[in-house]
Amino acid sequence: MDSPPRSSVIIIGAGISGVSAGKVLAENGIKDMVILEASDRIGGRIRKDSFGGVSVELGAGWIAGVGGKESNPVWELASQSGLRTCFSDYSNARYNIYDRSGKIFPSGVAADSYKKAVDVAIENLKSLEANLVGELIEPPSSPKTPIELAIDFILHDFEMAEVEPISTYVDFGEREFLVADERGYEHLLYKMAENFLFTSEGKILDNRLKLNKVVRELQHSRNGVVVKTEDGCVYEANYVILSVSIGVLQSDLISFRPPLPASDQFLSCFAGLSMAKSMSKFPSLRAVKYIRVHAACALQLLVKRWKAEAIEKCDVMVYTKIFLKFPDKFWPCGPGKEFFIYAHERRGYYTFWQHMENAYPGSNILVVTLTNGESKRIEAQSDEETLEEAMGVLRDMFGPHIPNATDILVPRWWNNRFQRGSYSNYPIISDNQDVHDIKAPVGCIFFTGEHTSERFSGYVHGGYLAGENTEFLLKDFQWRNSICQCSLYILHIFDGLIGPAEAILSVAFSPDRRQLANGKHLVSGIKAGELQCWDPQTGKPSGNPLVVLILCGKVFAVDWSPDGHANSPGCDEPE
Ligand SMILES: Cc1cc2nc3c(=O)[nH]c(=O)nc-3n(C[C@H](O)[C@H](O)[C@H](O)COP(=O)(O)OP(=O)(O)OC[C@H]3O[C@@H](n4cnc5c(N)ncnc54)[C@H](O)[C@@H]3O)c2cc1C
């Protein structure tokens, strides 16, 4: 059985966020990492497949946010790799709305319906906001006719229900480019992996990347994390970066021991606060500062809805692109015809279509996008049934004589236990607290992934930037290293004073909060002011005071400077 040595960091998941986190760690000198990926490939929700003679993107297809004041980092990666892309102009779709008899709605009708749908969306938002402050505003009338339903679907489901201003557009620009490259969107991940993993001829051969490793359990304590996989392997590390999707976090695939904190653990913060209060007389300026900082952190915790609740609250969007291959082309092509809409009395019923002639001329492929309830419905039925439905819709639009599709590809993101959906979808009115809570580390477990991106959740660049943002882990890493060094001196100081050194260390680093009583003993030892540090070189007392602050059962601060250097703990001033 595989039981490798303890590593500094285990990254769980090799999607774009996991791979970009690995790259940043390696750039910062942390190379003893292990990447555990459940599937047999890297990429996660960036995934290509061969279909109808070309490479199609089952997951992320577009690089969204191009041409603005800042450069989208994913666009930069794509440019460096020479990834082939096509500009997508959705704006014409509204002039290609078909009814069930195959007629295109006159542009005036379509424009009026669009305006009405936008007005309704704004009214809806106002009424939601008013409800929050207890005002009563009549909710606007909901869309009823097929064209209204179709446009409502495009605005809310297809365009992700983001509220203006959309951060991606504000920061990176409003243009979107479809990836149309035989190497696939996932080629960007291989290019990134080349920077820190051993690769040869386009393959990753590095032993630190472990595929087909389904993580089922995370045991975490102040000493680190023990990770157990479905095949019975056990991995240990000082830290874990968990990059699985929000859908996976909501499922029972991974169990946490102890469980992720829920609101009832606020009580332990009170314990921490009272201890901080009792220590505040201690005559060390830095100690007082840390007491202030960490007491404020604890207070912040008190108002948090906290981890488990925050994870549960986040919506998961299911977004499915169904690919259909035809022997001939029967749909209109040319400028302004790439996207078209089907208006049906059932909202979201095979509504949004795209032909792939711009991406791959002559490929004779159509793509239809379904979301949420409709996605789940077609995932549960056979592909033959889906093909029949899609053909019925196409015959409504283009007549009874069109040829049957020769092939169909239906991705199943909802039923994939390593995804459980397509991307996170935070509520329209959100105070960012949920995303903060979802992102906040729990002990040695750090969370990343598109769902932890405050500004770009749901996007590839959101995942990329979230993975890159390992600063908080690096800080903690440095802090823990200093704690470990100091622990040797704690041994010197306390040995013989209040018990055997091992016992004291186990108090300082014990995951068990009940041992806080002993922790107080340790603190009161310091408070008595009888303690001296020992210079490791000379073995003589150095005269510098040592401060250990234990808050919420965790060692937060060590203020000790035998060589004039202060060791800074991992928590900054609260914002
Ligand atoms: C259909 C679809 C269309 C999309 N379209 C776009 C688009 O056009 N533009 C855009 O910017 N974004 C799009 N997105 C969103 C984008 O794909 C994601 O935001 C991004 O890829 C998420 O990356 P990630 O690293 O956060 O997560 P993931 O890519 O999900 O990576 C997480 C990894 O964790 C692994 N994993 C899960 N459970 C375990 C476990 N127990 N043990 C070990 N490993 C595990 C998974 O296999 C996966 O590889 C789309 C997504 C989908 C599904």
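First listed ligand is number 1; within each ligand, the first listed atom is number 1. All figures in this text were calculated on a predicted structure; none of them were measured in a lab. The figures here come from the full heavy-atom set of this structure, side chains too, leaving out hydrogens, waters and symmetry mates.
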Please step through salt bridge (charged side-chain N to carboxylate O under 4.0 Å, His left out) for the pair D157 and R347, ending with a clear verdict.
CA-CA 10 Å; D157 289 37; R347 189 180 179 281; 3.0 Å; yes

Looking only at distances, please establish whether an N/O atom of ligand 1 is found under 3.5 Å from an N/O atom of [X].
| X | result |
| --- | --- |
| Y185 | no |
| I46 | no |
| S422 | no |
| H461 | no |
| Y423 | no |
| S245 | no |
| V214 | no |
| K321 | no |

CG/D231 to CG/N212 distance, rounded to the nearest 0.5 angstrom?
8.5 Å

What's the separation between atom NE2 in H220 and atom CG in L260, rounded to the nearest 0.5 Å?
6.0 Å

Quiz question: by atom type and distance under 3.5 Å, do the side chains of [X] and [Y] form a donor-acceptor pair?
| X | Y | answer |
| --- | --- | --- |
| D32 | S8 | yes |
| Q250 | E312 | no |
| E450 | S17 | no |
| D434 | Y426 | no |

What residue and heavy atom of the protein are closest to [atom], and at what distance?
| atom | result |
| --- | --- |
| atom 26 (O) of ligand 1 | E450 N, 2.9 Å |
| atom 34 (O) of ligand 1 | G13 CA, 3.2 Å |
| atom 23 (O) of ligand 1 | I16 CG2, 3.5 Å |
| atom 49 (O) of ligand 1 | E37 OE1, 2.6 Å |
| atom 38 (N) of ligand 1 | V244 CG1, 3.3 Å |
| atom 9 (N) of ligand 1 | W62 O, 2.9 Å |
| atom 15 (C) of ligand 1 | G458 O, 3.1 Å |
| atom 40 (C) of ligand 1 | V215 N, 3.7 Å |

Does [X] come within less than 4.0 Å of [Y], counting only side-chain N to carboxylate O?
| X | Y | result |
| --- | --- | --- |
| R455 | E70 | no |
| R420 | D252 | no |
| K439 | E454 | yes |

Is the centre of the [X] ring less than 6.0 Å from the centre of the [Y] ring?
| X | Y | result |
| --- | --- | --- |
| F339 | Y90 | yes |
| Y239 | F446 | yes |
| F456 | Y464 | no |

Just which atoms of ligand 1 are under 4.0 Å from any heavy atom in [X]?
| X | value |
| --- | --- |
| A38 | 39 (C), 40 (C), 42 (N), 43 (C), 44 (N), 45 (C) |
| Y319 | 1 (C), 2 (C), 3 (C) |
| L253 | 38 (N), 41 (N) |
| L58 | 1 (C) |
| K213 | 42 (N), 43 (C) |
| S243 | 32 (C) |
| G15 | 25 (O), 29 (O), 31 (O), 33 (C), 49 (O) |
| V460 | 10 (C), 11 (O), 12 (N), 16 (C), 19 (O) |

contact_flag [X] ligand 1 heavy-atom lt 4.0 Å:
| X | answer |
| --- | --- |
| A64 | no |
| G462 | no |
| G43 | yes |

Heavy atoms only, cut-off 4.0 Å: how does L36 contact ligand 1, side chain, backbone, both, or neither?
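L36 to ligand 1: backbone contact only, side chain stays beyond 4.0 Å.
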
Between Y459 and ligand 1, find which residue part has any heavy-atom pair under 4.0 Å and reply side chain, backbone, both or neither.
both

Between [X] and [Y], is there a donor-acceptor pair closer than 3.5 Å when you use the side chain of the first and the backbone of the second?
| X | Y | result |
| --- | --- | --- |
| E338 | S88 | no |
| T386 | S382 | yes |
| K210 | E37 | no |

Compare S17, A60, A21 and give the one whose heavy atom is closest to atom 4 (C) of ligand 1.
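Answer by nearest heavy atom: A60.
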
From the options E57, R216, R45, select the one whose nearest heavy atom is closest to atom 29 (O) of ligand 1.
R45

Name the orientation class of the two ring planes belonging to H461 and Y459 (parallel below 30°, tilted from 30 to 60°, perpendicular beyond 60°).
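Answer is parallel, since the angle falls under 30°.
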
Return the orientation label for the F340 and F398 ring planes: parallel under 30°, perpendicular over 60°, tilted otherwise.
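Taking F398 first and then F340, their aromatic rings stand perpendicular (interplane angle over 60°).
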
